[in-house]
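Just below is one structure, and these are the notes that go with it.
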4 protein chains.
Amino acid sequence: MPSRLPSAPRTGRPRSAAADAAILEATRAALVELGWSKLTLGDVASRAGVAKTTLYRRWAGKNELVVDAVAVLFDELELPDRGSLAADIEGVVLQFAAILDRPEAKTALMAVVAESTRDEPLRERIRTSIVERQKRLVLEGRSRAQARGELPLEKDPTAAARTADLIFDVVAGAVVHRALVSAQPVDEEWAARFTRLLVGGLAGD
Amino acid sequence: MPSRLPSAPRTGRPRSAAADAAILEATRAALVELGWSKLTLGDVASRAGVAKTTLYRRWAGKNELVVDAVAVLFDELELPDRGSLAADIEGVVLQFAAILDRPEAKTALMAVVAESTRDEPLRERIRTSIVERQKRLVLEGRSRAQARGELPLEKDPTAAARTADLIFDVVAGAVVHRALVSAQPVDEEWAARFTRLLVGGLAGD
Amino acid sequence: MPSRLPSAPRTGRPRSAAADAAILEATRAALVELGWSKLTLGDVASRAGVAKTTLYRRWAGKNELVVDAVAVLFDELELPDRGSLAADIEGVVLQFAAILDRPEAKTALMAVVAESTRDEPLRERIRTSIVERQKRLVLEGRSRAQARGELPLEKDPTAAARTADLIFDVVAGAVVHRALVSAQPVDEEWAARFTRLLVGGLAGD
Amino acid sequence: MPSRLPSAPRTGRPRSAAADAAILEATRAALVELGWSKLTLGDVASRAGVAKTTLYRRWAGKNELVVDAVAVLFDELELPDRGSLAADIEGVVLQFAAILDRPEAKTALMAVVAESTRDEPLRERIRTSIVERQKRLVLEGRSRAQARGELPLEKDPTAAARTADLIFDVVAGAVVHRALVSAQPVDEEWAARFTRLLVGGLAGD
DNA sequence: TGCTAACCGAGACGGTACGTCCCGTCTTGCG
DNA sequence: CGCAAGACGGGACGTACCGTCTCGGTTAGCA
C-alpha cells in the first residue's frame, strides 16, 4: 500500500518489506494506546524499530499511514449465508459494529474522514482502500436475496447501482452514528430493530 | 457556553461578554480557512483580538471551543409542516445536508466526534450541545405524523423512545455518510429515494 | 549581547536575564566538552535548563551564540606596566596564549572566523565583540612606550592608526598561528624571541 | 593522497584514478558555492558523478577530503628572486594573499584548522599536506639573503630552525589575520609596511 | 576465455540535529 | 481582578545529512 512511483527504477537497495509490516502493526498498537490525536510518527517509528525517514519515505503523513493501517481491519467483514435477507443484514451489522468497537478503528476512522474533508487525495485513498471495497457486501446480499425471491430483479443497472449506494450509506451511516456519536451499543436487539426497518423499506419499495 | 464555576465570585473586573462572541466567530472563520487540524488557539485569539489567556480562561481546549462554535449552526434546523411525513423528512434531510455543506461544520463535526471516542466529557458535551437537541425534530415529526394518522400511536414510552433514537441514527448517519464519506451530493433526488426507503420501513413496522 | 530589535516595545513578559547567563555558561561548558563542531543548540539548551525556543529567540544561530559566549574571555587581557615596551609585549603575548590554551577559546575562535568568511554580519559581530576591543592593548602599549621615550611620537594620525592595525595583525596573527596551526607552545622563550623581532622592527622604523 | 592500506592486494578491479580528480575538483567547486559548513559529502559525490560509497572508500570524512582538495592550491607559491630580501618577502606575501582571496581557500583553511584543534591526526595531515611544505619558502629566502650578504650565516642549526619557524608563524599569521580576521586588503602598501617591520626586526637581531 | 574479486552507481537504512510551530502556563503593566 | 502582550519549558514536526548497508552490474588480471 505505501506509495511508490509507478515507473519503478530497478536500481539501488530495495525497500525492506519487513519494515512495512512492522510499521503498520506499530501504527495499530499506537492507535490503541494513544488514540489518533496523540499518535506521533516518531513514536510509531521507534515502536517499529525503524527510522523516521523510512516512514516518511513510504507515506506522505499521518493520515495516509493510518488509512493503510486500518484498512485491513475492514477486510475481515464477510457475508455468510444465514438463510434470509434479514439474517444476512443483522449479521453484517453486528460484524461491522464489532470492528468499530476495536479502539484502533474507532479512533482512527472518524479522524481520517474528518481530515479528508479538506484533502481530496486522502478522500480518494479512503474510498479505494476502505469504503468502496465493502460495497461488495451490499451487492452480494442483494443478489442472494434476489435468488431467494426476497427482492425483485432490477432491470435498470443505473438505478440498481444507486440503490446499492443508498443502502450502503444507510447501513454504514446508521451503525457508525449509533456506535460513535450516540455512543450506544450496537447489540442484537438494535440490529434486529434496524434490520426490520430496512427490510420493510426495501420491501415496500 | 464557556465554563465558569457555579459559585461565581462577584469581585474584580467582570469578563467581557463581547469577547465570547468574537472568539466563537473567529473560531468559525478559522475553521473555514484552515480546517480543524490546522486551527490553532493562538491564531483564534489573535483573530478575535484577544489574548490567549482569555481564551484558556473560558474553554479547556480546542475541542470544547470548537463544539461551542459549531453547535449553534445546528440550531438553525427547523421542521415546518410540509403536509406529509415524507415531505417533512425530505425537508429536514436537505436542511441538514445544507449545514454539512458549510466548511466549518464539515471539518469540525467529524473531528470532534473522533476526539470524543477517547474523551468521555467531550462526548457528553457534544451530545448535550449538538446531538440531543436535534432529537426534537424526530419527536415533532412523529407526533405530527401521528396527528395526521400516518403513524400509529405508540403506547409503550420506552419502545417509543427507542424507535426515535433509531430513526435519528438512521437519518443523521445516512446523511453524514453520504455527504462526508461517500462525498456524493445530498440532493433532492437522493433525499426522495432515502425518504421513500425510510417511510416504507416505518409503515411496514 | 543577545539580539533585540532596537524599538523595544514595553509590553509582555520580559525576558529572563538569568537565562542569558545560564545559556552562555552552558555554551562554554559544551565547547570544552564537545568542541565547536559537535556542539548542538539542543544540548546547550538542556544544559542551561532552558527550552530551545528561548535560545532561538535571542540568538540567530550557533555562530552568534558562540561569539557572545567566547567574547568575554578576551576581556580578561590586561596590560600592566612592566617597565619596558619589550616586557609589556611579552606579557600580553603570554596572556593571549593562555587564553588560546583554554579549550573553549581554541575550538571556537577559528571556527567562527571560518564561518565569518561567508557571513558579513557575523564578521562584523566578531569584530565589534572581540577583535576591535583588544586594539586598546596596542594603543595603550604604544603611548606608554612613547612616554618612556622608547618610541617616537607620530604626528600623522592616519599613519599612526595604520601602524597600530599592522602591529595588531602581527601580534595576534603570530600567536594564533604558533598556537593553533603550528601547534607549538607559546612559552617564555618563544615570546622573548618574537618580542625581540618585533621591537627591532619597530625601532628600525 | 586518498588513503589506502599499505599492504595493497593486487587483485580485483582497480580504483578509478579519474574519480579522485573529479572528487577533488567537485570539492573545490562546492566550497566556492556553498562554503565549508554547507558542503555535504552527498553533494560532492553527485557533483563528481560518483557514489557516496566511492568517496567514503577513499577519505575518512569531510575534513580529510577538504584538506586534500585545498592543499594543492598552496603549492602554487613560488619565490622568484626579486633581488633583495624585502622584495622577496613582499612577493610571497602578495602571492599568499592572492590564494587566501580565493573563496575555496578562505572558507576551508580556517575551518579545517578549527577542526584540527580537537583532532590530532587531522592536525598532522594539515601540517604535512599544507603547512610544512611551505616552510621551504622561508628557508630558500633566507639562504638567498645570506648569499646576498643581507643576513648573517647562522652556525647553530637548532637556533636557525627556531628562527625559521618564528618567521613562518609571523608571516603566515599576520597575513591570515589581516585577510580573514581584520578583513582588510593585503595590498602592496600593507605588504610594504609589513616587510619593512619584519626586515627591520631581522636586521636588528 | 572464462573466473573472480574488488570495484562501481544507486538508493534505502538507522540515526542525530536541525529550526519551526504550537502547546498550555507564567509574568509583566495597564485599566 | 480582567486583560493584551509576550516570554517561558516542553514536545512534535518534517527535512537534511550522516555514515553504513545492500543491490545488480562492470572491469580488471590471472588461470
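Worth knowing before you read on, the calculation uses all heavy atoms, side chains too, and leaves out hydrogens, waters and symmetry mates. Throughout, a chain's letter reflects where its sequence line sits, starting with A, and its residues are numbered from 1.
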Exercise for the section: Summarise protein proximity over nucleotides 10-17 of chain F in one line of letters, 5' to 3': B for base, S for sugar-phosphate only, - for none, counting protein heavy atoms closer than 4.0 Å. Expected result: B-SSBBBB

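- Within the 4.0 Å cut-off from OP1 or OP2 of F:dG6, not a single side-chain nitrogen or oxygen of C:Thr11 is found.
- Rounded to whole Å, atom C1' of E:dG19 lies 13 Å from atom CD of C:Glu64.
- Note on D:Arg58 versus D:Glu64: no salt bridge recorded, every NZ/NE/NH1/NH2 to OD/OE distance being 4.0 Å or above.
- Here the side chains of D:Leu39 and D:Thr107 are not in contact, with every heavy-atom distance at 4.5 Å or above.
- B:Trp36 does not carry B:Lys106 over the face of its six-membered ring by the limits of under 6.0 Å from the centre and within 45° of the normal.
- A residue-by-residue look at A:Pro14 and D:Arg13 shows that D:Arg13 has its nearest nucleotide of DNA chain E further toward the 5' end.
- Residues D:Asp119 and D:Arg123 fail the side-chain proximity criterion, which asks for heavy atoms closer than 4.5 Å.
- Here the C1' atom of nucleotide F:dA5 and the CZ atom of C:Arg15 are 13 Å apart, to the nearest Å.
- Residue-to-nucleotide proximity on DNA chain E shows that, of A:Ala19 and D:Ala48, the 5′-proximal contact is made by D:Ala48.
- Under 4.0 Å is where a charged nitrogen must lie from a carboxylate oxygen, and between B:Glu115 and A:Lys38 no such pair does.
- A salt bridge links D:Asp68 to D:Arg125: one of the charged nitrogens lies within less than 4.0 Å of a carboxylate oxygen.
- Atom-to-atom, CD1 of B:Ile23 to C1' of F:dA4 comes out at 12 Å; the value is rounded to the nearest Å.
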